[in-house]
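So the structure is just underneath, and the comments pick up after that.
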Amino acid sequence: MSDQIAQRMQKLEALRAAGVNVYGGLKVEGLSLSSDVRARYEAAEKSVGYVWTPPPPKSWAKPKDADAAAAPAQPEQEQKGVEKPGQPKPESAEPKIEVPEIRATLAGRLMIMRVMGKAAFADLKDSAGRIQLYAQKNTLGDERFAAFKNLDLGDIVSVTGVMFRTNAGEVTLKVESFTLQSKALRPLPEKWHGLTDVEQRYRQRYVDLIVNDDARRMFRTRAAIVRSIREFLDGRGFMEVETPMLQPIPGGAAARPFKTHYNALDCPMYMRIAPELYLKRLLVGGYDKVFEINRNFRNEGMSRRHNPEFTMMEVYQAFGDCSTMMELVESLVTTIAETVMGSLVIKNSDGVEINLTRPWRRVAYADLVKERMGADWYELSREQRAAKAQALGLKHIDAATWSDLEITHEIYEKTIEHTLIQPTFVTRLPAVLVPLAKLAPDDPSVVDVFELEINGQEIAPGYSENNDAVDQRARFEAQARRVEGTHEEESGKIDEDFLTALEFGMPPAGGMGIGIDRLIMLLTGAASIRDVLLFPQLRPQ
RNA sequence: GAGUUGGUAGCUCAGUCGGUAGAGCAACGCCCUUUUAAGGCGUGGGUCCCGGGUUCGAAUCCCGGCCAACUCACCA
């Protein structure tokens, strides 16, 4: 144990012995937020026409009367006389404006203290921000002033007093009484640099949130974004639902699931990799507009863009289609950017500007590929394609084992996707890649879907959902054969009950998913998904 | 899973060629009644990530391990 913790333990015991309730008592009555109190005080100043002006520099040469400036003798004594608190200031040659008294009670964490003998300044941080406290021996009395100085940085206190403005112009609460609400046993990180060690910021997010205002702001923004998504969808008549996260068959995506075991039923269970198949059951049930915002779990690696659990929003609209969803996501993202971030132009973590102004580019997958690889790409043989891919640096592509489609898709993912910085709807993807979507009416080799790319990342896929029960079964079976023996095998299991639901008839529908964490990264310019997750996954220590 | 970089006081960081471990902040003591990274004087504080090895001697060099960040792979 560090000596500082030991010291604080001793202090805590001493306080207890003196009868102090070191962890606070009853609820704090009449509690205000620092931001509100500051605003009230500033309004009070305004109401009487008070405008703060900086005091004259340190010598008290400011004339109390006209001659005083000419008499430099004994400025110190004059200062003392002037500064005696609680007395009308004698220098009021110019009329003094009385600001109405604003009393307040605040509560928060003590972040810094500057003690000057018989007075002390401290910064209190509450959920709204920082505010300065001023404690004075004359006001508090010897004993309470000593107790105030005895507080530790990090302690949580409530304070009651009167607002004023210091010589330096800072709105400050003069403490008349205070109560220790929670003793901190551990010292805070350094006041200037804060906590910068990224590992510690993630592992001890609570400390990060105490000292780093950026972190606090980030998660408030996150909350605001999620709230406005809900408001937006609510405004369009969508119903929010919650479907199982613990599923007997993990479906709706191709990914490795987390496997667990349910004791009561003595059967294997999976953490969901997507809510899709359950939300579609609700379309069958007659809810035409539903959405869910909740966690998905994928048993895959972590990276700057991946966390094993992440927040997904999926939305379905009966009697809509892929184009319905394009309009929806365009409208949703621009609305959020404007209302929460205040701008349609955002900067990514490299400082590149992204303009979200509608309409967004729409381009077919095959056209992007041709744009990159030449107009004759789809006429080339597999060997020719593999050769061209290798020429681009994709050495691992092998014509002997890779299909045409795999080669093309590898090129899309490795050389095209990350170049789509400005919002782009990539449409008409190869049907094999998307078993849950409707085939394009004019070309059964592609599906009627989009993938929305912004900042080189897939932000949202949207589909014209497949509601053909027989076709869906066939494509599931093809998918199951495709992934058989691979690590995706468990996500290739066929959900018979879902197919049964389709057999009752599902209305044609548009569906879309948004990776919420990535959307937040995009809007806030965060470079790592860990910066937008309160408690990102780390290896246990 | 692979590569690169890093891990030194509560925090932020120095540490030269291998020669008994350093600063600022924080803490403790004293002075200081409008400071704001307050100031002044003084004091204490270390499993140098862990385990081996080389060496008279290792924070430093070598090997192994742990943890993290970044890049790559799986993936959204």
Side-chain angles (χ1 to χ4, degrees), chain A residues 1-8 10-11 54-55 58 79-80 82-86 111-123 130-140 145 149-150 152-154 164-170 172 174 184-204 207 211 253-256 273-274 296-314 396 413-414 417 451-453 457-461 486-488 491 513-519 521 527-530 536 538-541:
Chain A
M1 180 165 58
S2 86
D3 59 335
Q4 292 201 40
I5 295 177
Q7 275 169 9
R8 288 185 181 217
Q10 283 168 15
K11 209 179 237 187
K58 56 186 170 189
Q79 174 188 353
K80 290 257 156 72
V82 167
E83 287 310 296
K84 190 161 269 179
M111 299 305 289
I112 199 168
M113 177 129 59
R114 298 175 288 275
V115 180
M116 287 162 304
K118 299 187 179 63
F121 288 93
D123 283 4
R130 278 185 186 236
I131 194 158
Q132 182 169 259
L133 308 179
Y134 179 58
Q136 223 181 11
K137 196 167 190 171
N138 287 12
T139 316
L140 286 171
F145 182 65
K149 286 196 293 186
N150 190 46
D152 286 311
L153 302 190
F164 75 108
R165 199 180 275 272
T166 66
N167 284 349
E170 181 155 351
T172 300
K174 180 187 275 188
L185 292 173
R186 289 175 185 264
L188 292 177
E190 203 227 3
K191 62 186 173 189
W192 187 241
H193 299 92
L195 188 66
T196 62
D197 182 79
V198 285
E199 179 178 356
Q200 223 172 326
R201 290 184 57 194
Y202 298 149
R203 286 196 194 276
Q204 296 187 290
V207 181
V211 298
R256 302 176 71 174
I273 55 175
N296 288 349
F297 305 84
R298 299 193 181 173
N299 206 339
E300 284 152 3
M302 305 179 254
S303 77
R304 215 156 53 91
R305 296 188 192 80
H306 299 85
N307 196 67
E309 55 180 305
F310 60 99
T311 301
M312 188 63 157
M313 188 213 66
E314 286 197 10
H396 56 290
E413 288 195 326
K414 291 288 149 43
E417 192 171 13
E451 281 188 357
L452 171 60
E453 301 282 339
Q457 285 188 43
E458 186 185 332
I459 293 294
T486 75
H487 63 266
E488 288 178 18
S491 63
I514 297 182
I516 297 296
D517 311 292
R518 290 203 178 162
L519 178 68
M521 287 173 69
S528 169
I529 196 169
R530 300 185 192 97
L538 294 173
R539 194 176 294 272
Q541 280 188 321

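So that the names make sense, note that chain A is the first sequence line, chain B the second, and so on, each numbered from 1.
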N/O (side chain, A/Thr196) to phosphate O (OP1/OP2, B/rU12) under 4.0 Å: yes

Aromatic ring of A/Phe121 stacked on base six-ring of B/rA38, 5.5 Å, 30°: no

Within the structure, does a side-chain N or O atom of A/Arg530 lie under 4.0 Å from either OP1 or OP2 of B/rC70? yes

What is the distance, to the nearest angstrom, from the CG atom on A/Leu538 to the P atom on B/rC70? 11 Å

Between B/rA69 (P) and A/Asn307 (CG): distance, integer Å: 11 Å

For B/rC67, does OP1 or OP2 lie under 4.0 Å from any side-chain N or O of A/Arg539? yes

The Watson-Crick or G-U wobble partner of B/rC25, with both key distances under 3.5 Å, is B/rG10

Pair partner, B/rA68 [Watson-Crick or wobble, under 3.5 Å]: B/rU5

Think A/Lys191 has a side-chain N or O under 4.0 angstrom from the OP1 or OP2 of B/rU12? no

Counting any heavy atom closer than 4.0 Å, what does A/Gly513 reach on the DNA or RNA strands: base, sugar-phosphate only, or nothing? nothing

OP1, OP2 of B/rU71 versus side-chain N and O of A/Arg304: anything below 4.0 Å? yes

Separation of A/Arg130 atom CZ from B/rA37 atom C1', in whole Å? 10 Å

Any A/Arg114 side-chain N or O less than 4.0 Å from OP1/OP2 of B/rU35: no

Given atom CE of A/Met113 and atom C1' of B/rA38, what is their separation to the nearest angstrom? 14 Å

Can you tell me if the side-chain N/O atoms of A/Gln136 get under 4.0 Å from OP1 or OP2 in B/rU34? no

